[in-house]
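First up is the structure itself, then whatever we jot down about it.
Computed from heavy atoms alone, side chains included, the values below leave out hydrogens, waters and symmetry copies. Every chain is numbered from 1, with letters handed out A, B, ... down the list of sequences. Since the structure is predicted, the reported quantities are computational estimates derived from the model, not experimental observations.
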There are 2 protein chains.
Amino acid sequence: MEHRIERIKKQLHSQSYKLTPQREATVRVLLEREEDHLSAEDVYLLVKEKAPEIGLATVYRTLELLSELKIVDKINFGDGVSRYDLRKEGARHFHHHLVCTECGAVEEIVEDLLEDVEKIVENDWGFKVKDHRLTFHGVCKKCQEKELKASS
Amino acid sequence: MEHRIERIKKQLHSQSYKLTPQREATVRVLLEREEDHLSAEDVYLLVKEKAPEIGLATVYRTLELLSELKIVDKINFGDGVSRYDLRKEGARHFHHHLVCTECGAVEEIVEDLLEDVEKIVENDWGFKVKDHRLTFHGVCKKCQEKELKASS
DNA sequence: TAATAATTTATAATGATTTTAATTGACACT
DNA sequence: AGTGTCAATTAAAATCATTATAAATTATTA
């Protein structure tokens with residue numbers, strides 16, 4: 001964890017931003033809850049436990065900044081809130097998501113499944129792909145099993 | 001166009017909703033501006049030209065309804081607004097988008113490029129895919145050409 | 001036609017996010 | 001240590017998209 005904080009610190013410095021205590025607290029929350037997809041409000045409440053004086057606006061600004069630097073990705077699953085998701089270290093691309101329409105669970109797919117598709121887009125549409133967002137909506141394994149049991 | 005209105009009317013009726021004048025005016029705007037990706041506000045302003053008495057809330061409700069019936073898709077490109085996009089007739093899936101980070105233009109890809117990827121997701125993750133959302137961010141053909149000229 | 005249900009309107013409310021203005025804090029120079 | 005500068009933070013207010021509410025209107029059924 002310290003190693004990743006160090007790296008992020010360097011990334012900030014390289015654009016002449018500083019890793020202030022508030023920013024560090026925010027990053028730590030994101031690292032600890034890496035599997036989750038927290039909203040700004042969620043992050044705010046968690047950061048407050050470490051640094052009670054922090055303001056919501058600062059969290060927003062920090063997340064916005066981290067987003068610009070591609071340290072976190074800002075996602076939107078259609079409910080009214082933006083969610084923030086730490087990029088895997090070294091990942092060039094946004095990872096994919098599976099959203100279950102039954103239980104709301106969100107799984108992540110880290111593998112890049114789109115290499116072939118991107119080639120097609122670049123060749124056929126002349127579009128230089130820099131990043132992508134892919135979300136599947138459907139029914140997760142657990143909910144399928146539940147359905148099976150319920151109908152048997 | 002009348003044909004598509006008819007079809008949408010039937011789709012509404014099949015769920016015992018009515019095609020009210022306000023709803024029809026809204027659908028007509030969407031049909032006329034099929035290539036665009038209008039926000040609720042955009043739609044509202046355009047519908048107002050046909051039916052000046054309509055209220056913004058009605059447009060929202062109508063778009064929500066059309067969205068539930070999968071007649072339009074609600075998309076979110078990351079700016080704070082939801083946009084509404086008419087589904088191609090008979091399309092089972094959401095279509096894909098290419099968003100240019102230089103000029104903001106949005107192109108559509110109607111072809112389904114994800115059949116193979118969906119198979120992988122279903123097999124390897126046990127996730128039953130119902131729909132998907134895929135957006136590429138990058139540089140469109142026009143902007144690439146502009147860049148080339150500028151650097152020569 | 002009377003009663004019922006669905007829809008719309010206008011307005012107000014909500015809730016997420018952003019902006020503002022004032023304050024604080026860190027760092028560089030003297 | 002003292003001062004100036006500039007980025008960062010806070011708290012509060014403002015903004016913006018969207019949703020809820022209540023009253024009025026329209027369509028539908030009995």
* Let me see the working for B:Glu107 and B:Lys141 under salt bridge (charged side-chain N to carboxylate O under 4.0 Å, His left out), right down to the final yes or no. => CA-CA 11 Å; B:Glu107 284 178 81; B:Lys141 206 168 189 172; over 6 Å; no
* Structure fact -> Atom CD of B:Gln22 and atom P of C:dT8 are separated, to the nearest Å, by 5 Å
* Asked: Is the distance between the ring centroids of A:His137 and B:Phe94 less than 6.0 Å?
  -> no
* To do: Nearest whole angstrom, please: distance from the P of C:dG15 to the CG of A:Leu45.
  => 15 Å
* Let me know the distance between OH of A:Tyr17 and C1' of D:dA8, rounded to the nearest Å. => 12 Å
* Sugar-phosphate, base or nothing in reach of B:Thr20, heavy atoms under 4.0 Å -> sugar-phosphate
Report each atom pair, protein N/O against N/O of nucleotides 16-23 of chain D, whose distance is under 3.5 angstrom.
unit_1	atom_1	unit_2	atom_2	d
D:dT18	OP1	B:Ser82	N	3.1
D:dT18	OP1	B:Ser82	OG	3.2
D:dT18	OP2	B:Tyr60	OH	2.4
D:dT18	O5'	B:Tyr60	OH	3.1

* Asked: Any idea how A:His97 and A:Phe77 line up, ring-wise: parallel (<30°), tilted (30 to 60°), or perpendicular (>60°)?
  -> perpendicular
* Whether over 12 other heavy atoms sit under 6.0 Å from B:Lys88 NZ -> yes
* Pair A:Arg87-A:Asp131, salt bridge (charged side-chain N to carboxylate O under 4.0 Å, His left out): steps then yes or no -> CA-CA 13 Å; A:Arg87 274 204 187 190; A:Asp131 204 354; 2.7 Å; yes
* Asked: How long is the line joining CD1 of A:Ile54 and C1' of D:dA12, in whole Å?
  -> 17 Å
* Structure fact -> Rounded to whole Å, NZ of A:Lys18 lies from C1' of C:dG25 at a distance of 8 Å
* To do: Report the distance from atom CG of B:Asn76 to atom C1' of C:dA16, rounded to the nearest whole Å.
  => 13 Å
* Structure fact -> Here the distance between atom P of D:dT28 and atom CG of B:Leu12, to the nearest Å, is 13 Å
* Provide, to the nearest angstrom, the distance between the CG atom belonging to B:Leu19 and the P atom belonging to D:dT26. => 17 Å
* Asked: Can you hop from B:Val72 to B:Ile75 via hydrophobic side chains spaced under 4.5 Å?
  -> no
